[in-house]
Undergrad: 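Take this structure, written in structure tokens, and hold onto it; I'll ask about it next.
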Amino acid sequence: MAVGKADEPVEIFKARSDKREYRRIVLQNSLEVLLITDPETDKCAASMEVSVGYYSDPKGLEGLAHFLEHMLFYASEKYPVENSYSKYITQHGGSTNAFTSSERTNFYFDINADCFEEALDRFAQFFVKPLMSPDATTREIKAVDSENQNNLLSDGHRVYQLQKHLSSKDHPYHKFGTGNWDTLEVQPKARGLNTRQELLKFYKENYSANLMHLVVYAKDCLDKAQTLVQSIFQEVPNTNRSYSPVTDQPCKSEHLQILVRAVPIKQGHSLRLEWPIIPDLTHYKEGPSLYLSHLIGHEGEGSLFYILKKLGWATSLSAGESGGGHHFSFFEVYISLTDAGHEHFEDVVALVFKYIHLLQQAGARKWIFDELSAISETNFHYQDKSSPIGYVVYVASNMQLYPPIDWLVGSSLPSKFSPDIIEAVLNDLTPQNVRIFWVSTNFDGNTDSMEPWYETAYSLEKITSSVIEQWMEKAPDGNLHLPVPNMFIPTDLSIKTVSNKMNFPVLLRKSSYSRLWYKPDTLFSMPKGYCIIDFICPQSRSSPESAVLTCIFVWLLKDYLNEYAYDAEIAGLGYWISGHCSGFEVTVSGYNHKMRILLEKVIDRITNFKVEPDRFFVIKELFSKQYQNIKFQQPYEQALYYCSLILREHSWSWNDECEALTNLEIDDLVKFYPLLLSRTFLECYVAGNIDSKEAVSMIQHVEDALYKGSQPLSRALFASEHSSSRIINLEESKNYFYAAEGLNTSDENSALVHYIQVHSDEYIKNVKLQLFALIAKQPAFDQLRSVEQLGYITSLSRTSDAGVRGLQLIVQSSVKDPRYIESRFQAFLKTLETQLHDMSDDEFKKKVNALIDIKLEKFKNLPEETNFFWWEISSGTLKFDRIENEVAALKQITKMDLIDFFNEYVNVGAPKRKSLSLQVFGSSHFSEFKSEKVDPAEPNVVQIEDIFCFRRSRPLHHSLKGDLVHLKAHDIDHQ
């Protein structure tokens with residue numbers, strides 16, 4: 001129960017598995033708050049949602065709401081040191097961020113529980129008395145502009161803005177919400193406006209306590225949390241501004257019945273059909289859009305996607321409600337088209353309308369709604385506990401939209417079957433209301449208009465309902481039909497009794513074919529499980545051809561399983577197959593009741609794999625486009641690719657794989673498949689609500705399918721065939737660099753990835769590196785991004801590649817070239833050296849304790865626990881007690897130990913420093929790239945000209961797989 005404005009009790013509906021307590025309060029300044037207490041939490045969090053977004057931007061100041069979101073992070077009257085809020089959060093184990101959408105802005109953070117009180121007070125100052133200095137204003141406009149520069153070549157941003165552009169000009173939906181240098185600096189100045197004064201005015205007019213909703217996730221009891229919140233947030237000013245949601249519709253008659261042809265950046269074809277509808281928010285208990293998205297987006301036999309896929313016209317389809325406002329929305333069907341699908345555009349559109357017509361004829365079916373409702377109810381009551389930071393953002397976003405009883409539920413629990421409401425929305429999906437966006441690089445040079453903000457080329461024509469009806473008459477029928485009842489809905493949700501309360505996985509079974517690691521659920525009491533099987537296949541990456549063929553094999557497996565496994569996915573039982581450097585990995589996870597059924601189907605598809613020619617060519621075409629689109633990756637992603645290519649022993653270049661793909665035919669895969677599986681070892685992990693006997697039985701079934709029978713598909717690996725992923729060992733005191741022009745000549749952005757290789761897995765060095773990264777992360781961001789404005793994308797983080805630990809700086813910039821950014825990073829390190837020496841012993845101890853708190857944070861759910869232990873298994877380290885050992889190591893570290901570590905491995909000129917600089921030069925810095933090649937070499941700087949010659953010249957780090965041959969299986973009672 002909770003307390004309302006007049007102290008009346010207010011019920012807040014929560015999941016049966018939820019042990020947290022909730023209380024709603026309203027402060028005297030009308031700020032509505034939800035308090036959540038969780039005595040088990042290690043992290044506390046808060047989220048403030050303000051009911052204002054870019055729809056409220058003044059005309060001619062596009063992006064002002066988004067810019068204000070950026071500015072509030074800088075400083076406040078109470079905490080005037082710039083960026084001290086972010087520094088406090090980061091250095092006490094937390095994270096912080098914000099986002100601006102059409103009608104709301106959300107700010108949020110999390111932090112180690114013992115630092116929450118001060119963090120909350122610092123956070124509150126965003127809304128009490130923030131400082132927005134003139135200097136910070138100019139710098140942050142540049143940051144907003146940099147963010148926009150990164151978005152300009154994003155097809156998602158481009159098409160969404162085009163959709164908004166083709167709406168009523170006087171409707172806020174039409175607006176450009178990000179902002180840039182022109183809208184926030186140049187144009188306002190030309191009109192005699194001071195952007196900072198407009199910013200302060202916008203803040204004063206819109207940031208009122210009565211328009212805010214706060215969620216606080218605390219460890220303390222509700223009474224203590226309430227006292228804390230009241231003392232801090234009562235100071236937030238309340239100007240009693242009224243909330244005025246946008247109520248009119250953005251699309252008039254001239255914006256409907258349109259066909260838009262648009263040119264994307266990336267190779268490929270896609271189709272979007274959208275219709276204005278009444279938002280589901282209006283009828284969230286009835287869930288009309290949820291019902292329709294379930295059917296139109298279904299992927300099982302007889303579905304729209306099933307037929308389009310069978311015809312070879314589509315590679316993916318999604319359907320559902322999309323962006324709008326409180327009082328208007330759109331229903332959208334998105335389809336990724338193949339080349340053949342692009343050529344059959346009219347037939348594809350016709351089949352969409354044929355399926356909608358089928359639903360209109362069938363009417364709303366109660367059994368389908370009841371099935372959806374039952375799945376939704378099970379998922380709600382057995383939801384995994386999420387991170388506090390994600391939870392507070394979700395709940396704060398719900399507070400303005402729903403009554404308190406449904407704040408935790410939102411629209412996720414449809415419970416009222418209303419055929420009239422469902423059919424009312426369905427009847428809006430007509431040719432008379434449709435907006436069709438057909439996106440393809442084939443339209444390049446054949447358009448007559450341009451969207452102003454992203455310069456997307458497009459052409460527009462009206463399309464009548466009679467034309468679409470003609471297409472429907474000519475289109476293939478395809479045997480469209482409604483889905484059958486879902487056989488994967490779990491009915492046994494009982495929790496198995498665990499007699500052996502083990503804390504770590506045990507090696508339950510071992511044979512020449514496999515190892516089975518096992519860990520029952522002893523923490524979460526959820527009817528869920530995991531089964532991970534790593535197929536280690538020496539042939540999978542022996543050449544560029546084998547690498548590409550392995551990827552095609554994996555994609556075809558998923559393609560073949562899709563219509564069968566889709567029902568399982570809907571019912572909360574998923575699977576995933578992914579390729580890696582040593583083979584491929586199969587994961588089945590979710591409700592354990594019918595997990596074995598799905599696992600056996602996946603294994604059956606693997607062992608009875610057949611190449612279907614039509615699907616082979618569809619997947620080959622998909623891969624071909626992916627390789628073509630590599631050049632449109634962000635420059636920092638290109639730099640990361642070069643880093644990986646240089647370091648990893650068994651990695652092939654994009655160019656080699658692309659050339660190999662071009663020459664591959666069906667027969668190549670037919671011959672490769674038996675070769676791939678002819679030599680295989682299975683590394684397995686079963687966890688969760690599965691007893692040990694069932695775990696053994698599941699893996700025995702997989703072994704029998706692969707290794708037994710008169711003509712077994714696989715044989716065990718010889719000892720010499722076991723391989724592991726290894727990376728090259730860079731030379732000490734050498735600074736290697738590799739420079740390249742950006743692959744996309746239209747992208748002005750350059751990027752630097754500066755990698756420092758430190759050590760192989762070792763507890764004491766691990767924690768020194770982790771502590772250094774914790775201390776250096778925020779200062780690096782402040783200096784390089786906030787002060788010097790080198791680029792919106794700026795981060796310093798730890799890396800782990802094949803067990804080798806390191807540091808990695810990433811900066812992407814349109815204003816400075818990579819060489820300059822490199823020099824600024826070196827200067828930052830020299831400054832940091834002084835800061836480390838000046839750090840007090842008390843401050844150092846706080847940093848150590850913050851890292852200890854991070855390490856001791858408990859697993860919140862089975863996926864977190866599984867990921868941790870599987871990483872130890874798959875990497876071969878098997879240090880299941882890593883946390884305890886690293887905490888013990890941390891407690892022994894002194895400030896001098898850390899300074900010595902920094903001066904030995906990280907600092908400029910450090911004797912054991914091993915660095916690799918990846919420099920990608922964007923179009924605005926091509927001249928610097930060319931001049932760079934003739935600059936005289938610096939001492940200890942080595943330019944890498946040929947990646948593969950360099951890679952062959954360097955020794956490798958040792959493998960962490962170790963000696964696994966002599967591991968013995970652990971005897972436990974089969975429950």
Side-chain angles (χ1 to χ4, degrees), residues 153 155 264-268 339 441 539-555 578-582 584 616-666 668-669 672 676 725-728 736-747 749-753 755 801-802 812 818 916-923 925-926 929-930 932-933 942-954:
L153 299 179
D155 284 326
I265 297 295
K266 292 185 175 181
Q267 291 290 320
D339 289 345
T441 44
Q539 295 295 327
S540 65
R541 297 274 167 162
S542 58
S543 67
E545 288 83 1
S546 66
V548 175
L549 284 166
T550 300
C551 289
I552 293 176
F553 165 71
V554 165
W555 272 77
S578 57
H580 56 72
C581 61
S582 303
F584 63 98
F616 173 86
F617 288 115
V618 166
I619 300 303
K620 182 180 176 182
E621 178 192 312
L622 186 67
F623 270 57
S624 178
K625 288 191 174 74
Q626 288 178 354
Y627 282 113
Q628 291 174 55
N629 287 328
I630 282 170
K631 71 177 183 180
F632 299 115
Q633 284 188 338
Q634 296 259 29
Y636 82 88
E637 294 173 317
Q638 295 173 34
L640 287 170
Y641 156 73
Y642 292 128
C643 186
S644 175
L645 190 63
I646 289 169
L647 292 175
R648 292 185 182 178
E649 178 190 18
H650 297 298
S651 58
W652 310 104
S653 74
W654 289 331
N655 290 334
D656 291 349
E657 291 184 358
C658 186
E659 186 176 335
L661 175 67
T662 303
N663 299 315
L664 291 177
E665 299 296 337
I666 295 170
D668 294 306
L669 184 56
F672 177 73
L676 173 69
S725 175
R726 300 167 71 188
I727 69 169
I728 67 166
Y736 299 98
F737 81 93
Y738 179 80
E741 289 183 310
L743 300 175
N744 180 8
T745 55
S746 299
D747 196 336
N749 290 291
S750 294
L752 170 75
V753 169
Y755 167 75
D801 196 344
Q812 182 163 295
L916 172 62
S917 176
L918 296 311
Q919 303 169 3
V920 173
F921 289 75
S923 60
H925 303 123
F926 280 172
F929 170 74
K930 288 165 185 170
E932 176 70 27
K933 293 209 162 216
V942 179
Q943 181 169 2
I944 299 172
E945 298 278 2
D946 185 308
I947 288 177
F948 301 105
C949 284
F950 172 75
R951 204 167 74 182
R952 286 192 293 269
S953 72
R954 295 299 309 153

Undergrad: Answer with yes or no after comparing the ring centroid distance for Y738 and F950 against a 6.0 Å cut-off, counting only values under it.
TA: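 Ring centroids of Y738 and F950 are no less than 6.0 Å from each other.
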Undergrad: Calculate, to the nearest 0.5 Å, the distance between atoms CG and CG belonging to L549 and L676 respectively.
TA: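 Output value for this atom pair is 9.0 Å.
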Undergrad: List the steps, then state whether side-chain contact (heavy atoms from CB on, under 4.5 Å) holds for F672 with L664.
TA: CA-CA 11 Å; F672 177 73; L664 291 177; over 6 Å; no
Undergrad: Report the distance from atom CD of E741 to atom OG of S750, rounding to the nearest 0.5 Å.
TA: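 Answer rounded to 0.5 Å: 10.0 Å.
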Undergrad: Would you call the rings of W654 and Y642 parallel, tilted or perpendicular, where under 30° means parallel and over 60° means perpendicular?
TA: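 Tilted: the ring planes of W654 and Y642 meet at 30° to 60°.
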Undergrad: The test is side-chain contact (heavy atoms from CB on, under 4.5 Å); show your working for N749 and L153 and say whether it passes.
TA: CA-CA 11 Å; N749 290 291; L153 299 179; over 6 Å; no
Undergrad: Answer whether the closest heavy-atom distance between the side chains of I646 and L918 falls below 4.5 Å.
TA: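 Yes, at least one pair of side-chain atoms sits under 4.5 Å.
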Undergrad: Provide the closest heavy-atom pair for A739 versus F921 in the form atom of the first, atom of the second, distance.
TA: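 Heavy atoms of A739 and F921 come nearest at CB-CE1, 4.0 Å.
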Undergrad: Please check if the number of heavy atoms outside K625 that lie under 6.0 Å from its NZ is greater than 12.
TA: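 Yes - once you tally the heavy atoms of other residues, nucleotides and ligands closer than 6.0 Å, there are more than 12.
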Undergrad: For C581 and S540, work out which heavy atoms get closest and say how close.
TA: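 The pair with the smallest heavy-atom distance is O-OG, 4.0 Å.
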Undergrad: Nearest heavy-atom pair of L752 and S917: which atoms, and what distance?
TA: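 Looking at all heavy atoms of both residues, the closest pair is CD1-OG, 3.2 Å.
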Undergrad: Rounded to the nearest 0.5 Å, how far apart are CG of L669 and OG1 of T550?
TA: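 Between L669 CG and T550 OG1, I get 9.0 Å after rounding to 0.5 Å.
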Undergrad: Mind checking the CD-CH2 spacing from Q626 to W555? Nearest 0.5 Å is all I need.
TA: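 Result: 5.0 Å between the selected atoms.
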Undergrad: Distance from H650 atom NE2 to S543 atom OG, nearest 0.5 Å?
TA: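 Answer rounded to 0.5 Å: 12.5 Å.
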Undergrad: Looking only at heavy atoms, what is the nearest atom pair of F623 and C551, with distance?
TA: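 Result for this residue pair: CE2-CB, 3.3 Å.
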Undergrad: Nearest 0.5 Å, please: how far is CG in N629 from CG in N744?
TA: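 That separation rounds to 10.5 Å.
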Undergrad: Counting C-beta onward and ignoring hydrogens, is there a side-chain heavy-atom pair between R951 and L645 closer than 4.5 Å?
TA: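 Yes, close enough: below the 4.5 Å cut-off.
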Undergrad: Taking the side chain as everything from C-beta on, heavy atoms only, tell me whether F617 gets closer than 4.5 Å to E665.
TA: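 Yes; the side chains approach each other to less than 4.5 Å.
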Undergrad: State which residues pass salt bridge (Lys or Arg N to Asp or Glu O under 4.0 Å) with E659; sequence neighbours excluded, sorted by chain then number.
TA: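 So E659 forms no salt bridge (Lys or Arg N to Asp or Glu O under 4.0 Å) with any residue.
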Undergrad: Do Q812 and P635 have side-chain heavy atoms sitting under 4.5 Å apart?
TA: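 Yes - at least one pair of side-chain heavy atoms lies under 4.5 Å apart.
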Undergrad: Tell me, do H580 and R541 make a side-chain contact under 4.5 Å, heavy atoms counted?
TA: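 SC-SC contact between H580 and R541 ruled out.
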Undergrad: Kindly give the heavy-atom pair with the smallest separation between V920 and P818, and that separation in Å.
TA: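 The answer is O-CG, 3.4 Å.
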Undergrad: Would you call R648 and D801 a side-chain contact if the rule is heavy atoms closer than 4.5 Å?
TA: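 Yes, their side chains come closer than 4.5 Å.
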Undergrad: Within the 4.5 Å heavy-atom criterion, are S644 and Y641 side-chain neighbours or not?
TA: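 A side-chain contact under 4.5 Å is absent here.
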Undergrad: The test is side-chain contact (heavy atoms from CB on, under 4.5 Å); show your working for D668 and E545 and say whether it passes.
TA: CA-CA 9 Å; D668 294 306; E545 288 83 1; over 6 Å; no
Undergrad: Applying side-chain contact (heavy atoms from CB on, under 4.5 Å) to F948 and S653, what does each step give before you reach the verdict?
TA: CA-CA 10 Å; F948 301 105; S653 74; 3.8 Å; yes
Undergrad: Report yes if the side chains of F632 and D747 come closer than 4.5 Å at any heavy-atom pair, otherwise no.
TA: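 Result no, sub-4.5 Å side-chain heavy-atom pair not found.
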Undergrad: Restricting to salt bridge (Lys or Arg N to Asp or Glu O under 4.0 Å), what partner residues turn up for K266, sequence neighbours left out?
TA: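 If we apply the salt bridge (Lys or Arg N to Asp or Glu O under 4.0 Å) test to K266, skipping adjacent residues, there are no hits.
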Undergrad: Can you name the nearest heavy-atom pair linking S746 to S923, along with the distance?
TA: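 Heavy-atom minimum between the residues: C-OG, 4.4 Å.
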